[in-house]
Peer 1: 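Pasting in a structure now, in structure tokens, and then I'll have a few things to ask.
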Amino acid sequence: MHEASLIHSLLSMAIDHARADGAARIATIGIRVGELSGVVADALKFAFDAATIEGSAKGSVLEIEYVPARVRCASCRTAYHPAEIPWTCPECSAIGGDLVGGRELELSFLEVM
């Protein structure tokens with residue numbers, strides 16, 4: 001389960017940021033997860049719960065913001081959510097485009113005490 005290693009890295013970053021700000025405890029960790037990131041939300045939450053049984057993140061809450069996939073048409077520059085493969089622009093029917101959103105996996109905010 002790669003979600004466990006992702007949570008380990010996420011918690012390490014969060015704890016480092018909290019300590020740098022002089023916080024004793026982390027209350028909430030907010031992350032952004034893209035639709036195409038390959039991360040399974042339930043596995044991520046399970047790994048988070050297991051990893052926050054003790055330490056400065058004990059009892060903290062994980063808030064996940066899901067980011068939909070977005071493609072920008074190379075022809076007309078319209079941004080759209082790709083419904084199927086191949087990606088087809090809903091405005092000009094061009095096939096393909098540039099993926100501009102949906103692969104995110106990032107720490108977005110911390111609430112500390």
Peer 1: Who else is in the cluster with Val71 when I, L, V, M, F, W and Y are joined by side-chain contacts under 4.5 Å?
Peer 2: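 Traced through the cluster, Val71 reaches Leu36, Tyr80, Ile85, Trp87, Leu99.
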Peer 1: If the condition is side-chain contact (heavy atoms from CB on, under 4.5 Å), which residues does Ser56 pass it with, not counting sequence neighbours?
Peer 2: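 Partners of Ser56 by the side-chain contact (heavy atoms from CB on, under 4.5 Å) criterion, ordered by chain and then number, come out as Ile15.
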Peer 1: Tell me, which pairs form a salt bridge (charged side-chain N to carboxylate O under 4.0 Å, His left out) where one or both residues lie in residues 47-64, sequence neighbours left out?
Peer 2: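 Found none.
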Peer 1: I'd like to check the side-chain contact (heavy atoms from CB on, under 4.5 Å) partners of Ala41; sequence neighbours left out, ordered by chain and number.
Peer 2: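 For Ala41, the residues satisfying side-chain contact (heavy atoms from CB on, under 4.5 Å) (neighbours in sequence not counted) are Tyr66.
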Peer 1: So, do Leu11 and Ile26 sit near enough that their side-chain heavy atoms are less than 4.5 Å apart?
Peer 2: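 They are not in side-chain contact.
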Peer 1: Of all residues at least two apart in sequence or in a different chain, which pass the side-chain contact (heavy atoms from CB on, under 4.5 Å) check with Ala23?
Peer 2: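 Ala23 satisfies side-chain contact (heavy atoms from CB on, under 4.5 Å) with Ala18, Val112 only.
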Peer 1: What is the minimum heavy-atom distance between Gly34 and Ser37, and which atoms define it?
Peer 2: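 Answer, listing the atom of Gly34 first, then Ser37: O-OG, 2.8 Å.
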Peer 1: Provide the full list of salt bridge (charged side-chain N to carboxylate O under 4.0 Å, His left out) pairs with a residue in residues 17-30, sequence neighbours left out, each pair given once.
Peer 2: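 For residues 17-30, and leaving out neighbouring residues, there are no salt bridge (charged side-chain N to carboxylate O under 4.0 Å, His left out) pairs at all.
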Peer 1: How far does CG of Asp98 sit from CZ of Arg70, to the nearest 0.5 angstrom?
Peer 2: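 CZ of Arg70 is found 13.5 Å from CG of Asp98.
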Peer 1: Could you pull out the closest heavy-atom pair between Thr52 and Ser60, with the gap in Å?
Peer 2: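 Heavy atoms only, the tightest pair is CG2-OG, 3.8 Å.
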Peer 1: Same cluster or not: Met13 versus Phe48, using hydrophobic residues (I, L, V, M, F, W, Y) connected whenever any side-chain heavy atoms lie under 4.5 Å apart?
Peer 2: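 Looking at the clustering, Phe48 is in the same group as Met13.
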Peer 1: Clusters formed by hydrophobic residues whose side-chain heavy atoms approach within less than 4.5 Å: which one holds Ile95, and what are its other members?
Peer 2: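 Besides Ile95, the hydrophobic cluster comprises nothing; the residue is isolated.
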Peer 1: What is the distance from atom CG of Leu10 to atom CG of Leu107, rounded to the nearest 0.5 Å?
Peer 2: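 Answer for the CG-CG pair, Leu10 versus Leu107, is 5.5 Å.
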Peer 1: Looking at residues at least two apart in the chain, or sitting in another chain, which of them share a side-chain hydrogen bond (donor to acceptor under 3.5 Å, both in side chains) with His81?
Peer 2: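 Per chain and number, His81 pairs via side-chain hydrogen bond (donor to acceptor under 3.5 Å, both in side chains) with Glu35.
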Peer 1: What distance do Ile7 atom CD1 and Ile29 atom CD1 have between them, rounded to the nearest 0.5 Å?
Peer 2: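 So the CD1 of Ile7 and the CD1 of Ile29 are separated by 7.5 Å.
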Peer 1: Look at the side chain of Glu65 and the backbone N and O of Gly30, then say whether any donor-acceptor pair between them is shorter than 3.5 Å.
Peer 2: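 No: the side chain of Glu65 does not pair with the backbone of Gly30.
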Peer 1: Quick one: does any side-chain atom of Thr78 pair with a main-chain N or O of Cys73 as donor and acceptor, under 3.5 Å?
Peer 2: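 Flag not set: sc Thr78 to bb Cys73 has no pair under 3.5 Å.
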Peer 1: Nearest 0.5 Å, please: how far is CZ in Arg77 from SG in Cys92?
Peer 2: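 The CZ atom of Arg77 is 11.0 Å from SG of Cys92, to the nearest 0.5 Å.
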Peer 1: Examine Ile31 and Val67 and state if one hydrophobic cluster contains both, with Ile, Leu, Val, Met, Phe, Trp and Tyr joined whenever side-chain heavy atoms are less than 4.5 Å apart.
Peer 2: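 No, because Ile31 and Val67 fall into different hydrophobic clusters, even though each may have its own neighbours under 4.5 Å.
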Peer 1: Check which hydrophobic residues are tied to Ile53 through side-chain heavy-atom contacts below 4.5 Å, counting indirect links as well, and list them.
Peer 2: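 Via sub-4.5 Å side-chain contacts, Ile53 links to none.
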Peer 1: Which pair of heavy atoms, one from Cys76 and one from Cys89, lies closest together, and at what distance?
Peer 2: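 For Cys76 versus Cys89, the nearest heavy atoms are SG-SG, 3.6 Å.
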Peer 1: What's the spacing between Leu44 CG and Leu105 CG if we round to 0.5 Å?
Peer 2: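 Between atom CG of Leu44 and atom CG of Leu105 there are 7.5 Å.
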Peer 1: Which atom names give the shortest non-hydrogen contact between Arg72 and Ala79, and what distance separates them?
Peer 2: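 For Arg72 and Ala79, the tightest heavy-atom pair comes out as NH1-CB, 3.8 Å.
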Peer 1: With a cutoff of under 4.5 Å between side-chain heavy atoms, which Ile, Leu, Val, Met, Phe, Trp and Tyr residues group with Val61?
Peer 2: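 Cluster partners of Val61: none, it stands alone.
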Peer 1: Per the salt bridge (charged side-chain N to carboxylate O under 4.0 Å, His left out) rule, what does the pair list look like for residues 101-113, sequence neighbours excluded?
Peer 2: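 Pairs touching residues 101-113 that pass the test: Arg32-Glu106.
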